[in-house]
Engineer: 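My questions all concern the structure below.
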Amino acid sequence: MLNLKFIQDNPDLVIEKLAVKRFDARAIVEKVIALYKRRNEVQNDSEIQKAEMNKISKEIGQLIKEGKQSDVELAKQKTVELKEQIRIFEEQFALIDAELAQLQVQLPNLPSTLVPKGKGAEDNEVVATGGTMPNLPADAKPHWELAAQYDLIDFELGVKITGAGFPVYKGFGARIQRALINFFLDQAREKGYLEVQPPYLVNEASGFGTGQLPDKEGQMYHDSTDNLYLIPTAEVPVTNIFRDVIVEGKDLPIKTTAYSACFRREAGSYGKDVRGLNRLHQFDKVEIVQVAHPDKSYESLKDMVDYVQTLVEKLGLPYRILRLCGGDMSFTSSLTYDFEVWSAAQERARLLIKLQCGLKRTSSC
RNA sequence: GGAGAGAUGGCAGAGUGGUCGAUUGCGGCGGUCUUGAAAACCGCUGUACCGAGAGGUACCGGGGGUUCGAAUCCCUCUCUCUCCGCCA
């Protein structure tokens with residue numbers, strides 16, 4: 001969320017930057033500036049009254065000590081009107097403040113200077129490609145058929161036990177899943193990431209801490225008995241490690257990695273691209289997170305992009321890295337790289353990894 | 001599920017209605033001493049917001065209340081710990 005003072009001091013910059021994201025911020029920015037000024041005036045008036053009130057209260061304490069009972073009564077009378085004025089000012093302040101907050105959340109994060117202008121997927125910038133495209137015969141099978149043929153993943157069994165989107169990995173399928181998790185964790189550790197095993201259920205505060213709540217309320221599995229949420233990504237518990245804590249500047253960047261199962265309701269996505277492993281309710285993911293100094297966050301992002309590139313290289317996958325254009329970026333991001341891996345049998349690129357640098361300054365893999 | 005205790009500054013831990021934004025210790029920063037370091041000693045050391053500044057306001061788990069005045073009293077919520085019970 002953009003800082004009010006920043007908006008006030010740099011209105012043109014905000015408008016110009018958000019235009020890259022195809023967002024017309026002019027009206028909101030103007031309103032914000034006017035309200036912000038008004039809010040500060042009210043705050044000032046209110047605080048003058050409060051200062052007076054505090055002063056009188058201290059005097060009363062002194063008078064009581066000295067036993068000047070009549071003066072005490074006199075002073076108390078003065079506070080009656082002050083109290084009422086303070087109440088009115090505070091009411092006004094709360095009203096303006098709420099309106100301001102409501103406007104503030106409507107402004108997206110500013111894009112980095114690297115972000116290309118553009119509308120949608122076709123305007124994204126390809127920054128790197130690698131690997132060799134496999135040349136498959138015309139009758140090549142998609143992964144869900146192969147998985148069934150070799151009994152690696154049993155989707156039907158998952159349906160019986162739980163429901164669609166909860167596959168059962170079997171035999172070599174289960175082993176390769178475990179091997180990949182180990183591979184990613186081991187690689188991350190070698191790059192200086194601290195491995196953690198976080199809880200898979202988080203409380204409400206953690207949900208808000210990473211912005212999953214209230215935004216994606218319906219996308220998370222929720223246990224209403226204890227008011228806990230199943231994590232949609234290890235990003236949630238891992239970044240919440242740092243919620244409300246002060247870290248030493250010399251310790252930055254702090255690099256953390258975690259494997260977790262991830263749970264997503266994927267409400268509303270039925271019907272398209274849901275076959276096989278394309279869209280699951282439960283899946284495995286190894287996350288990397290860096291906590292960096294704001295001035296160094298783009299360096300951290302670069303570091304992570306380069307690192308992930310080495311992973312797809314090592315796995316020998318055909319891939320490309322995209323720098324998303326303004327129109328294709330998310331609300332909170334300031335710079336996003338997508339790693340797309342080519343899926344030959346499906347004849348399309350699948351998004352494998354999304355790395356973003358944003359307000360939360362989190363990145364995932 | 002039952003009973004009890006607790007939540008205070010980076011950490012530990014005082015404070016039960018009036019100069020308490022908060023004693024003290026640790027940590028951190030600066031200095032004296034030292035060839036250097038350690039020790040010792042001295043000083044400084046929370047955050048946010050408003051203000052050109054002086055300064056002001058708010059914050060002692062969250063919210064509400066009583067009062068001229070609340071870390072302190074009342075109500076309520078949340079969380080943590082201890083003991084008992086139950087349990088895959």
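Here is the naming used below: chain letters follow the sequence lines, and residue numbers restart at 1 for every chain.
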Engineer: In whole angstroms, how far is the C1' atom of B:G69 from the NZ atom of A:Lys83?
Structural biologist: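 That distance rounds to 9 Å.
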Engineer: Starting at CZ of A:Phe242 and ending at C1' of B:G10, how long is that distance when rounded to a whole Å?
Structural biologist: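 Atom CZ in A:Phe242 sits about 16 Å away from atom C1' in B:G10.
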Engineer: Taking atom P of B:U57 as reference, at what distance in whole Å does atom CZ of A:Arg87 sit?
Structural biologist: 21 Å
Engineer: Can you tell me the distance, in whole Å, between the CD atom of A:Glu204 and the C1' atom of B:G63?
Structural biologist: 15 Å
Engineer: Decide side chain to side chain donor-acceptor pair (under 3.5 Å) for A:Glu145 and A:Gln149; before the verdict, give the C-alpha distance in whole Å, the side-chain angles of both, and the deciding distance to 0.1 Å.
Structural biologist: CA-CA 6 Å; A:Glu145 284 179 31; A:Gln149 185 180 330; over 6 Å; no
Engineer: Give me the distance, rounded to whole Å, that separates B:C42 from B:U47 when you measure between the P atoms they each carry.
Structural biologist: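 Between the two P atoms, the distance is 25 Å.
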Engineer: Without decimals, in angstroms, what is the distance between A:Phe89 CZ and B:U57 P?
Structural biologist: 15 Å
Engineer: Using atom C1' of each nucleotide, how far apart are B:A12 and B:G27 to the nearest Å?
Structural biologist: 10 Å
Engineer: Under the 4.5 Å side-chain heavy-atom rule for ILVMFWY, direct or indirect, which residues accompany A:Ile56?
Structural biologist: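 Besides A:Ile56, the cluster holds A:Met53, A:Ile60, A:Leu63, A:Ile64, A:Val72, A:Leu82, A:Ile86.
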Engineer: Using the C1' atom as the point on both nucleotides, what is the distance between B:G25 and B:A14, in whole Å?
Structural biologist: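 Looking at atom C1' only, B:A14 and B:G25 are 11 Å apart.
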Engineer: I'd like to know if A:Lys50 and A:Glu90 make a salt bridge, using a cut-off of under 4.0 Å between side-chain N and carboxylate O.
Structural biologist: yes
Engineer: Going by atom types alone, do A:Gln187 and A:Tyr307 pair a side-chain donor with an acceptor below 3.5 Å?
Structural biologist: no
Engineer: Apart from A:Ile161 itself, what residues make up its hydrophobic cluster, given side-chain heavy atom links below 4.5 Å?
Structural biologist: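 Its cluster partners, ordered by chain and number, are A:Leu157, A:Val168.
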Engineer: Which residues in residues 47-75 of chain A have a heavy atom closer than 4.0 Å to any atom of RNA chain B?
Structural biologist: A:Glu47, A:Lys50, A:Ala51, A:Met53, A:Asn54, A:Ser57, A:Ile60, A:Gly61, A:Ile64
Engineer: Between A:Lys5 and A:Asp9 (salt bridge meaning N to carboxylate O under 4.0 Å), is one present in this structure?
Structural biologist: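 Salt bridge: no.
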Engineer: In the hydrophobic clustering (ILVMFWY, side-chain contacts below 4.5 Å, transitive), which residues join A:Ile88, or is it alone?
Structural biologist: none
Engineer: Using side chain to side chain donor-acceptor pair (under 3.5 Å), reason through A:Ser206 and A:Asn203 one step at a time and then give a plain yes or no.
Structural biologist: CA-CA 6 Å; A:Ser206 293; A:Asn203 58 29; 3.2 Å; yes
Engineer: Starting at atom CD of A:Glu41, determine the distance to atom C1' of B:G56, rounded to an integer number of angstrom.
Structural biologist: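 Going from CD in A:Glu41 over to C1' in B:G56 covers 17 Å.
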Engineer: Mind checking the CG-CG spacing from A:Leu335 to A:Leu324? Nearest 0.5 Å is all I need.
Structural biologist: 8.5 Å
Engineer: For RNA chain B, what residues of residues 93-106 of chain A have any heavy atom nearer than 4.0 Å?
Structural biologist: none
Engineer: When the C1' atoms of B:G28 and B:C50 are considered, how many whole Å apart are they?
Structural biologist: 29 Å
Engineer: Let me know, please, whether A:Asn44 or A:Thr79 comes out on the 5' side of the other along RNA chain B by nearest nucleotide.
Structural biologist: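 With A:Asn44 and A:Thr79 compared, the 5'-side residue is A:Asn44.
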Engineer: Is there a side-chain contact (heavy atoms from CB on, under 4.5 Å) between A:Tyr259 and A:Asn182? Walk through the geometry before answering.
Structural biologist: CA-CA 9 Å; A:Tyr259 155 75; A:Asn182 280 335; over 6 Å; no
Engineer: Work out how far the P atom of B:G6 is from that of B:C73, and round it to whole angstrom.
Structural biologist: 11 Å
Engineer: Rounded to the nearest angstrom, tell me the gap between atom CG in A:Asn40 and atom P in B:C49.
Structural biologist: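 About 11 Å, once rounded to whole Å.
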Engineer: Answer with base, sugar-phosphate or nothing: what part of the nucleic acid does A:Lys37 contact at a heavy-atom distance below 4.0 Å?
Structural biologist: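 No contact at all - A:Lys37 keeps every heavy atom at 4.0 Å or more from the nucleic acid.
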Engineer: Does a salt bridge link A:Arg87 with A:Glu91, judged by any charged N lying under 4.0 Å from a carboxylate O?
Structural biologist: yes
Engineer: Paired stems touching RNA chain B, three or more consecutive Watson-Crick or G-U pairs with both distances under 3.5 Å?
Structural biologist: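 Paired runs of 3+ in RNA chain B: B:1-7 with B:78-84, B:10-12 with B:24-26, B:27-32 with B:40-45, B:46-50 with B:55-59, B:61-65 with B:73-77.
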Engineer: How far does the C1' atom of B:C60 sit from the matching atom of B:U16, given to the nearest Å?
Structural biologist: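 The answer is 14 Å between these two C1' atoms.
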Engineer: Between A:Arg39 and A:Asp97, is there a side-chain N and carboxylate O pair less than 4.0 Å apart?
Structural biologist: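 A salt bridge links A:Arg39 with A:Asp97.
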Engineer: B:U45 and B:C26: how far apart are their C1' atoms, nearest whole angstrom?
Structural biologist: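 Those two atoms are separated by 13 Å.
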Engineer: Provide the distance between the two P atoms, one in B:C11 and one in B:G46, to the nearest whole Å.
Structural biologist: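 Comparing P positions in B:C11 and B:G46 gives a spacing of 14 Å.
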Engineer: Rounded to whole Å, please give me the gap between CD in A:Gln43 and C1' in B:A58.
Structural biologist: 9 Å
Engineer: Does this structure show an ion pair linking A:Lys285 with A:Glu287, if we count only N-O contacts that are shorter than 4.0 Å?
Structural biologist: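 Yes, this pair counts.
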